[in-house]
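Here's the structure, in structure tokens; my notes come after.
Sequential numbering from 1 along the given sequence is applied to the chain's residues. Excluded from the calculations below are hydrogen atoms, water molecules and symmetry mates; all remaining heavy atoms, backbone and side chain alike, are included.
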Amino acid sequence: MLCGMCLPHCPTYGVQRVEGDSPRGRITLMQGLAQGRLPPENARLRAHLEGCLGCRSCEAVCPAGVRFGELMDHGRHVLHTHPASRWQRLRELLIGPLRRAALRRPGLRRGTALAARLARGSGLARLLPPSLLPGRMLRHVAPSLQRLPALRPSAAPAAADVWLFTGCMDAFFTGPDLRAALELLDGLGVRVAIPRGQACCGAIDQHLGRLGDAEALRTSNLRAFAGEQRVLVLDSGCEAQLREYPAEGWQGRVTSLTGFLADLPVEEFRWRTDPVRVVVHLPCTLRNVTRETDGIRALLQRLPGVEVVTLAPPRNCCGAGGTAMLTQPAMADPLGRETLEALQAPEPGVIISPNVGCSVHLRALQAGGPRIVSPARFLRERLAPALS
């Protein structure tokens, strides 16, 4: 179906006003690619398909239920298996094994994250031109880099109420969020375990067309989380990816932190009561895939002293788009600035975003203003100290 009803909802079409950068145009290009009428090495074809931010806003409003995200994954798989140049082929041969190992091995991630923090502290980022990917990457992630603290689960897997999914950004950005979630849940009397053997959710590989790598990660996670306990996920992007694993009974076990807490009598716990206005950023994965926009708002409104404003990005995407914030700055940065301006307009005390990629992107563009934190961090801060 190529009716075009999705065009007003597509952020890249809204900026570029080019048919090839719309869902309809990209579907037409993928049809030509699948039928052999368009070669995968074509530079304009690749630019249009690689330029999609993967927000799936088009999918959410499509009257025919076209699974655009799945189509794009397979379209990019064709591009991935047909590199445009020898350099791309060589780069994958050299970097691919390291990337796959890092997504599976916590120790390697910690070493890479340490190198990134050292590069930030030594000023190396300033020596690399921002026009080069390493320079852009170090500059963009620098405000969000955090050490991975010790994570102390409160129960063994067999005795836990929930199992915590840690993801692959733990050593870079989300370590303090994971600790905050453990402390919060422990304070609420919830027993939490962190199963061994878990890996990256596979979203980055999936959406860049590396479908075989994504499947291997999916297999590892399904093995690590084999059982019946609920799987608690802090990041909406990881939650969206995990929920779409094709395994019987799996989808119903995956939940966000706020979704899990919504079923608890939160009013009976002790919270801080000082007033705070929060703006909740509603990322693409939350609105278009997990559809949990009402749940996070309703939970926060149950807390004493919390005034909640919820905002979707003005153009349906903040521009982070997985790795797009690093590889497509000309598209990502204007979208991010528009989103940041909208989030800061109500003059909140705190901005809450349940997506790590969005948070990293927005912090990189922020020059002062309120903190951008995860739901886990905010809820842990609002939990009142236990009575002695």
>> Under the criterion side chain to side chain contact (heavy atoms under 4.5 Å, CB included), I'd like the reasoning laid out for Arg230 against Asp263: C-alpha separation, chi angles, the key distance, then a yes or no.
In response: CA-CA 13 Å; Arg230 298 183 75 177; Asp263 295 330; 3.5 Å; yes

Working to the nearest 0.5 angstrom, can you tell me the gap between [X] [atom1] and [Y] [atom2]?
X	Y	atom1	atom2	answer
Ile296	Asp294	CD1	CG	11.0 Å
Leu379	Thr258	CG	OG1	8.0 Å
Leu71	Leu49	CG	CG	11.0 Å
Ile352	Leu343	CD1	CG	11.5 Å
Cys238	Phe165	SG	CZ	5.0 Å
Asn355	Ser236	CG	OG	4.0 Å

>> Measuring only between side-chain heavy atoms, which start at C-beta, is Cys62 closer than 4.5 Å to Cys6?
In response: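 Result no, sub-4.5 Å side-chain heavy-atom pair not found.
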
> Does any non-hydrogen side-chain atom of Ile204 lie less than 4.5 Å from one of Thr323?
Replying inline: yes

> Passes side-chain hydrogen bond (donor to acceptor under 3.5 Å, both in side chains), Thr310 versus Arg297? Steps please.
Replying inline: CA-CA 7 Å; Thr310 53; Arg297 177 173 54 241; 2.9 Å; yes

Test of understanding: with side-chain contact (heavy atoms from CB on, under 4.5 Å), list the residues that count as partners of [X], not counting sequence neighbours.
X	result
Pro265	Glu268
Cys10	Thr12, Tyr13, Pro23, Arg26
Pro130	Arg139
Ala364	His140

> Are more than 12 heavy atoms from other residues, nucleotides or ligands located less than 6.0 Å from atom CZ of Arg302?
Replying inline: yes

> Taking everything shown except Arg91 itself, do over 12 heavy atoms lie less than 6.0 Å from its CZ?
Replying inline: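 More than 12 within 6.0 Å, yes.
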
Could you see if [X] belongs to whatever hydrophobic cluster contains [Y]? Use Ile, Leu, Val, Met, Phe, Trp, Tyr and a side-chain cutoff under 4.5 Å.
X	Y	result
Leu7	Leu335	no
Leu211	Leu242	no
Leu234	Leu184	yes
Phe172	Leu114	no
Leu286	Ile351	no

>> If you apply the rule side chain to side chain contact (heavy atoms under 4.5 Å, CB included), what do you find for Gln198 with Trp163, and how did you get there?
In response: CA-CA 11 Å; Gln198 57 178 294; Trp163 291 345; over 6 Å; no

Would you name the heavy atoms of [X] and [Y] that are closest together and state the gap between them?
X	Y	result
Glu381	Arg272	O-NH1, 2.8 Å
Ser374	Asp177	OG-OD1, 2.9 Å
Pro176	Arg377	CB-NH2, 3.3 Å
Ala224	Gly197	CB-C, 3.7 Å
Pro39	Leu45	O-CD2, 3.3 Å
Val309	Pro346	CG1-CG, 4.3 Å

> Can you list every side chain to side chain donor-acceptor pair (under 3.5 Å) pair that touches residues 239-250, not counting sequence neighbours?
Replying inline: Arg56-Glu244, Asn221-Tyr245, Glu239-Arg243, Arg243-Glu292

Identify all side-chain donor-acceptor contacts of residues 144-153 below 3.5 Å with residues at least two apart in sequence or on another chain.
residue: Ser144; atom: OG; partner: Arg363; partner atom: NH1; Å: 2.9

State plainly whether the residues [X] and [Y] are in salt-bridge range, i.e. N to O under 4.0 Å.
X	Y	result
Arg382	Asp274	yes
Glu50	Arg76	no
Glu347	Arg277	no
Glu92	Arg99	yes
Asp213	Arg218	no

>> Walk me through whether Gln366 and Gln344 qualify under side-chain hydrogen bond (donor to acceptor under 3.5 Å, both in side chains).
In response: CA-CA 10 Å; Gln366 191 178 38; Gln344 294 181 152; 3.1 Å; yes

Answer yes or no: is there a donor N or O on one side and an acceptor on the other, between the side chain of [X] and the main chain of [Y], under 3.5 Å?
X	Y	answer
His77	Gly209	yes
Arg191	Ala159	yes
Arg253	Gly227	yes
Arg109	Met169	no
Glu267	Leu303	no
Ser22	Val18	no
Glu59	Gly69	yes
Ser256	Gly259	yes
Arg287	Asn316	yes
Trp271	Gly305	no

>> One pair to check against side chain to side chain contact (heavy atoms under 4.5 Å, CB included): Val141 and Phe173. What are the steps and the verdict?
In response: CA-CA 9 Å; Val141 305; Phe173 314 120; 3.8 Å; yes

> Stepwise, does the salt bridge (Lys or Arg N to Asp or Glu O under 4.0 Å) test hold for Asp333 with Arg136?
Replying inline: CA-CA 12 Å; Asp333 288 0; Arg136 164 74 177 183; 2.7 Å; yes

> Given Glu338, which of Pro313, Cys317, Pro314 fulfils the side-chain contact (heavy atoms from CB on, under 4.5 Å) condition?
Replying inline: Pro314

> Yes or no on side chain to side chain contact (heavy atoms under 4.5 Å, CB included) for Val190 and Phe260, after CA distance, side-chain angles and deciding distance?
Replying inline: CA-CA 11 Å; Val190 179; Phe260 177 79; 3.9 Å; yes

>> As a quick check of understanding, evaluate side-chain hydrogen bond (donor to acceptor under 3.5 Å, both in side chains) for His9 and Ser57, giving each step before the final call.
In response: CA-CA 6 Å; His9 303 272; Ser57 295; over 6 Å; no

